[in-house]
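Sequential numbering from 1 along the given sequence is applied to the chain's residues. Small disclaimer: the values here were computed from a predicted structure and weren't measured.
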Amino acid sequence: MKGKLYEIWNSVSMRIILTMLLLILPLNIIVLIYTYNMQKNMIERAGSGNQKRAEYFMQSLSNTMENAAALLWHFTTEDEDCIRLLDKSITDYERDSAKQQLYYKIRNMASMTNGADAYFYDYGEKERQIIYANADGAGELGTQLRLFLEQCDSANEKKGWHIREWNHKEYLVFVMSDKTLLYGAAIRLDGFFELVRTGIEYPVTEIGLSENVEKTEQKDLIVSQAGAGKIYLYFKVSRHQVLRDFTLAQRVLIGLSILYLTLIPVLYCIFKRLFIRPLSRVNEAHRQIEGGNGEYRIEKKAGTSDFRKLYGSFNRMADSLHRLKIEGYEKELAKRKMELQNLQLQIRPHFLLNTFNLIFTLSQRKEYEAIQEIVIYLSDYFRYIFRSGKELELFAKEAALIRGYVNMASVRFSGRVKAEFDFPDEMNVVRMPPLLIHNFVENAVKYGLRKNETLHIGIQAFRREGTVTFRIMDDGKGMSREKLEQNQKIFKGEIDMEDKNSHVGLYNSMKRLKYFYGEEAAIKVESEEGAGTCFTISFPYDKEL
């Protein structure tokens with residue numbers, strides 16, 4: 001069970017999914033946090049702005065209320081006409097004269113003061129005096145005040161400021177009483193609310209006055225309020241209305257983050273269809289052949305021309321293996337098994353995963369020209385290793401593939417891999433086992449590249465006295481003495497097949513050379529830790545090969 005889980009964890013599919021998540025998920029989280037904070041800030045700004053506005057206008061209304069109360073207090077306590085009206089013994093003429101004088105004094109004083117719209121004194125049913133500071137709507141307001149005073153007589157209206165609605169209009173009414181005197185003032189609120197609404201940044205859902213504190217947390221509403229005494233001015237704004245001005249760019253960011261998340265399974269399905277599934281079929285076919293099922297063939301159709309060629313090459317190879325087994329060509333069969341071993345050696349999930357990750361990264365950067373070069377290299381690579389019926393290949397084709405690999409490695413490692421070729425034209429027609437030199441160049445990049453340093457690789461080739469020699473040199477990490485001695489033993493044949501472990505590439509290269517060119521073929525290695533490595537490959541060569 002653990003082995004199965006480990007295999008799934010280290011599969012190409014899992015690595016692709018993790019790569020896409022690591023590339024996309026952090027960006028989405030950042031976008032979502034950013035947009036959430038923006039929304040929160042907009043709501044807080046709207047609430048803070050309305051709170052300051054409520055405090056400002058409530059302060060203005062509070063000043064009006066204080067001016068009205070102060071004016072009433074002044075006349076009630078200091079004006080002799082107002083006080084004389086409390087005297088029941090004065091004559092009717094004196095009472096009318098006092099009422100007339102009080103009316104004009106309050107009207108004149110009110111016109112010079114930012115106070116109430118109406119003032120009243122009630123000395124009883126016969127002495128009810130309605131005095132206006134603002135004649136606009138005086139008749140309607142007077143009627144409502146008289147009805148209100150009648151209700152005060154019957155209901156014992158509480159003292160202080162109260163909110164009343166008359167004919168669908170709101171008023172602030174101030175009521176005070178002193179022994180037998182009931183007096184007060186009324187402020188019309190329609191003009192006040194119009195002034196409050198002017199210049200508000202967000203359309204307000206509701207503005208009003210209340211004698212109770214409003215709940216600050218209401219569903220889908222932002223509530224701001226300020227009070228003076230027991231009267232509170234409140235603003236209610238819809239959260240949706242505030243967030244309506246959320247910028248288009250921020251909405252696009254949210255949309256893109258959601259789109260990128262939904263693209264993960266889509267991209268995975270595309271990669272699975274184009275690469276993972278075909279590679280799984282090839283690996284399964286290899287397992288079937290290795291398990292002795294010589295009749296197994298890949299019947300599925302591939303979605304790309306490269307894998308169609310790969311399937312065809314495998315099927316032809318399987319047919320050839322089956323035919324050779326039937327015909328009894330044991331030597332040929334051994335050779336094909338060796339080629340199959342080398343073929344499997346080239347299809348490395350780690351190599352393919354790094355290549356696919358590189359393609360994905362370049363697609364994110366929109367470096368399409370580099371992607372095209374890598375795809376062309378992969379196409380040439382698979383076409384080269386799955387060629388049909390060729391034991392030896394021209395070095396010119398090998399050199400072209402090496403150049404493609406160096407270009408890809410240079411892209412992957414940010415230009416830190418460079419190679420130089422030094423050989424005469426006659427070497428292009430030399431035939432050799434495929435990928436022989438390529439494997440050594442690849443090892444130079446894999447084991448020689450140092451952090452933040454450029455790796456220089458030199459490939460030399462020449463022919464002297466019937467012997468062809470290739471040198472692959474680099475200025476990379478080099479080998480330790482123990483590693484160098486171990487590799488020299490491999491090339492001398494002193495390490496058995498079962499003991500080679502991770503040196504299968506070196507062992508296979510030596511084995512192929514011996515197979516095609518005999519015991520005179522040789523591979524030598526020289527290396528110094530920290531200075532570089534040089535592999536020298538030599539074998540006898542006849543132009544007729």
Side-chain angles (χ1 to χ4, degrees), residues 15 19 345-385 393 395-423 427-428 432 434-461 469-480 483-484 487 502-506 508-509 523 525-537:
R15 296 297 175 85
T19 300
L345 181 64
Q346 309 312 317
I347 307 175
R348 298 181 301 277
H350 183 71
F351 167 75
L352 291 176
L353 177 63
N354 287 339
T355 305
F356 294 151
N357 285 342
L358 180 58
I359 292 175
F360 185 82
T361 301
L362 292 174
S363 68
Q364 292 288 315
R365 300 178 190 166
K366 298 183 179 180
E367 296 181 16
Y368 302 120
E369 185 174 350
I371 294 175
Q372 292 173 358
E373 291 181 7
I374 293 173
V375 171
I376 290 173
Y377 166 74
L378 286 177
S379 177
D380 292 339
Y381 179 83
F382 285 117
R383 187 181 297 110
Y384 188 73
I385 66 174
E393 192 59 83
F395 175 67
K397 294 184 178 181
E398 177 97 352
L401 189 66
I402 291 173
R403 287 188 173 92
Y405 171 77
V406 171
N407 288 338
M408 186 188 73
S410 180
V411 172
R412 179 182 175 188
F413 297 105
S414 303
R416 294 191 294 113
V417 177
K418 298 184 181 299
E420 294 182 4
F421 296 80
D422 182 15
F423 55 86
M427 296 302 296
N428 287 324
M432 56 175 20
L435 296 177
L436 179 66
I437 308 301
H438 185 284
N439 288 341
F440 285 95
V441 174
E442 187 176 346
N443 279 343
V445 174
K446 183 176 180 181
Y447 299 108
L449 190 64
R450 289 183 286 200
K451 186 176 181 180
N452 298 327
E453 292 187 17
T454 300
L455 178 69
H456 298 88
I457 302 173
I459 299 101
Q460 291 183 349
T469 301
F470 291 85
R471 288 200 182 103
I472 301 93
M473 304 167 288
D474 68 78
D475 59 354
K477 295 179 181 178
M479 302 179 189
S480 64
K483 186 75 170 180
L484 178 62
N487 288 339
S502 62
H503 306 287
V504 61
L506 300 178
N508 194 42
S509 298
I523 300 178
V525 57
E526 299 174 78
S527 182
E528 181 179 350
E529 192 169 8
T533 302
C534 176
F535 289 92
T536 302
I537 304 168

Distance in Å, Asp474 CG paired with Phe535 CZ, rounded so as to fall on 0.5 Å steps: 8.0 Å

Quick one: NZ on Lys446 to NZ on Lys477, what's the gap to the nearest 0.5 Å? 11.5 Å

State the CG-CD1 distance between Leu401 and Ile437, to the nearest 0.5 angstrom. 12.0 Å

Over all heavy atoms of both residues, which pair between Met408 and Ile374 is shortest? Give the atoms and the distance, please. CG-CG1, 3.8 Å

Evaluate Glu393 against Glu398 for side-chain contact (heavy atoms from CB on, under 4.5 Å), listing each step before the verdict. CA-CA 8 Å; Glu393 192 59 83; Glu398 177 97 352; 5.9 Å; no

Arg450 meets the salt bridge (Lys or Arg N to Asp or Glu O under 4.0 Å) criterion, sequence neighbours left out, with Glu453

Do you know the tightest heavy-atom contact between Gly532 and Ser527? O-OG, 3.1 Å

Sorted by chain and residue number, the side chain to side chain contact (heavy atoms under 4.5 Å, CB included) partners of Gln372 (sequence neighbours excluded) come out as none

I need the single residue from Ile359, Asn357, Leu358 that forms a side chain to side chain contact (heavy atoms under 4.5 Å, CB included) with Thr355. Which is it? Ile359

Minimum heavy-atom distance between Asn439 and Ser509, given as atom pair plus value: ND2-OG, 4.5 Å

Going by heavy atoms in the side chains, are Met432 and Ile537 under 4.5 Å from each other? no

Calculate, to the nearest 0.5 Å, the distance between atoms NE2 and NZ belonging to His438 and Lys397 respectively. 15.5 Å

If I take atom CG from residue Leu435 and atom CG from residue Asn508, how far apart are they, to the nearest 0.5 angstrom? 10.5 Å

Can you see which heavy atom on Thr533 is nearest to which on Gly478, and at what distance? OG1-CA, 3.5 Å

Please lay out, stage by stage, how Phe413 and Leu455 fare under the test side-chain contact (heavy atoms from CB on, under 4.5 Å). CA-CA 10 Å; Phe413 297 105; Leu455 178 69; over 6 Å; no

Is the shortest side-chain heavy-atom distance between Leu506 and Ile523 below 4.5 Å? no

Around atom CD of Glu526, are there more than 12 heavy atoms of other residues, nucleotides or ligands at under 6.0 Å? no

Rounded to the nearest 0.5 Å, what separates atom NE2 in His456 from atom CE in Met473? 13.0 Å

Can any side-chain N or O of Ser410 pair as donor or acceptor with the backbone N or O of Asn407 at less than 3.5 Å? no

Going by the angle between their ring planes, with limits at 30° and 60°, are Tyr381 and Tyr377 parallel, tilted or perpendicular? tilted

Okay, side chain of Thr454, backbone of Val417: is any donor-acceptor separation there less than 3.5 Å? no

Might you point out which heavy atoms bring Met427 and Phe395 nearest each other, and give the distance in Å? O-CB, 3.4 Å

Applying ring-ring contact (aromatic ring centres under 6.0 Å, His included) to Phe470 and Phe440, what does each step give before you reach the verdict? CA-CA 11 Å; Phe470 291 85; Phe440 285 95; over 10 Å; no

Going through the checks in order, is the side-chain contact (heavy atoms from CB on, under 4.5 Å) test met by Phe421 and Ile402? CA-CA 10 Å; Phe421 296 80; Ile402 291 173; 3.8 Å; yes

